[in-house]
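For reference, the structure is listed below as structure tokens.
Quick note: residue numbers are just sequence positions, from 1. Reckoned from all heavy atoms, side chains included, excluding hydrogens, waters and symmetry mates.
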Amino acid sequence: ELIVAIYAISDIYKKNHNLFNWKYWKFALNMGIPLIPYYLSLRILQHLDRIMIDYLDGTTAAAKYGLVYKVTSSLMMINSSLNTAFLPWLYNNYNTHKKKNLNQIYVNLTFLIFYINLFVSLLAPEIIKILGTQDYTDAIYVMIPVSMSAIFIFIYDQCVNIELYYEKNKINPILAI
């Protein structure tokens with residue numbers, strides 16, 4: 001990574017002879033700084049639930065939840081990948097003012113995510129048996145609500161995408177906290 005970064009910086013410097021352009025830095029800082037609390041809160045929430053379950057119900061319950069959360073994390077990765085693949089198309093349609101079918105496409109994409117998550121949830125008994133021992137069978141009942149939470153995270157990410165497009169992301173830190 002360092003070699004690629006050094007190459008990229010040297011290439012930019014060769015073309016421009018200037019590494020600092022205040023206009024770009026101002027834009028990047030205005031967009032990036034408000035997102036820091038948002039991403040920090042996501043990281044805290046990813047671990048706080050297991051800590052609370054451990055405190056309230058014990059290590060065994062936290063371990064069962066942890067297994068389910070690992071499976072759900074793979075679902076969130078799929079959701080995030082679909083979101084990332086969707087973003088260029090979304091921004092292109094916003095740029096060309098082709099917003100006519102956008103709402104229906106959002107609904108269809110959300111249903112696709114819903115069905116993927118539902119399918120994985122229906123396979124919960126098999127997934128838990130493969131990934132855990134017999135002691136983890138109770139985790140099956142936690143799988144559906146936790147995997148369905150991934151859908152709400154996906155929907156929230158769609159709202160964030162639109163906020164970022166319009167450069168109105170100042171509310172994100174407040175919503176994240």
So if you build clusters from Ile, Leu, Val, Met, Phe, Trp, Tyr with side-chain heavy-atom gaps below 4.5 Å, do Val107 and Leu109 land together? yes
Using 0.5 Å steps for rounding, measure from the CD1 atom of Ile113 to the CG atom of Asn108. 12.0 Å
To the nearest 0.5 Å, what is the distance between CG (Leu87) and CG (Asn161)? 4.0 Å
Is there a path from Leu67 to Ile51 through hydrophobic residues (I, L, V, M, F, W, Y) whose side chains come within less than 4.5 Å of each other? no
Test of understanding: clusters of I, L, V, M, F, W, Y form through side-chain heavy atoms closer than 4.5 Å, transitively. Do Leu112 and Leu75 belong to the same one? yes
Should Val68 and Ile128 be marked as a side chain to side chain contact (heavy atoms under 4.5 Å, CB included) after you check the CA-CA gap, both sets of side-chain angles, and the distance that decides it? CA-CA 8 Å; Val68 169; Ile128 299 300; 4.1 Å; yes
Pair Ser147, Thr72: side-chain N/O donor-acceptor within cut-off below 3.5 Å: no
What's the separation between atom CZ in Phe152 and atom OG1 in Thr110, rounded to the nearest 0.5 Å? 10.5 Å
Please answer whether the main-chain N or O of Met77 pairs with a side-chain N or O of Ser80 as donor and acceptor at a distance below 3.5 Å. no
Between Asp54 (side chain only) and Thr59 (backbone N and O only), is there a donor and an acceptor less than 3.5 Å apart? yes
Is Lys64 close to Thr137 at the side-chain level, that is, under 4.5 Å between some pair of heavy atoms? no
Working for side chain to side chain contact (heavy atoms under 4.5 Å, CB included), residues Asn79 and Asn117: CA-CA 9 Å; Asn79 296 355; Asn117 290 344; 3.6 Å; yes
Shortest non-hydrogen separation from Pro125 to Ile140 and the atoms involved: CA-CD1, 3.6 Å
Gap between atom CD1 of Ile144 and atom OG of Ser149 - 0.5 Å precision: 12.5 Å
Measure the CD1-CE distance between Ile151 and Met76 for me, rounded to the nearest 0.5 Å. 10.5 Å
Are Met148 and Tyr156 linked, directly or through other ILVMFWY residues, by side chains that come within less than 4.5 angstrom of each other? yes
For the residue pair Phe114 and Phe111, categorise the inter-ring angle as parallel (less than 30°), tilted (30 to 60°) or perpendicular (more than 60°). perpendicular
Contact check, side chains of Leu29 and Lys26, non-hydrogen atoms, under 4.5 Å: no
Tell me whether Ile44 is reachable from Val160 by hopping between hydrophobic residues (I, L, V, M, F, W, Y) whose side-chain heavy atoms are closer than 4.5 Å. no
With heavy-atom distances below 4.5 Å as the criterion, would you say the side chains of Tyr69 and Val142 are in contact? no
In the structure I gave you, are the side-chain heavy atoms of Met143 and Val120 within less than 4.5 Å of one another anywhere? yes
Is there a side-chain contact between Leu123 and Glu126 (heavy atoms, below 4.5 Å)? yes
Measuring centre to centre across the rings, with the benzene-like ring taken for any Trp, is Phe86 within less than 6.0 Å of Tyr106? yes
How far apart are the C-alpha atoms of Lys70 and Leu131, what are their side-chain angles, what is the distance that settles it, and do they pass the side chain to side chain contact (heavy atoms under 4.5 Å, CB included) test? CA-CA 10 Å; Lys70 292 295 181 193; Leu131 297 177; over 6 Å; no
Are the side chains of Ile116 and Leu82 in touch, meaning some heavy atoms are under 4.5 Å apart? yes
Nearest 0.5 angstrom please: Phe154 CZ to Asp157 CG, how far? 8.0 Å
Taking the side chain as C-beta and beyond, is there a heavy-atom pair between Trp89 and Ile105 under 4.5 Å? yes
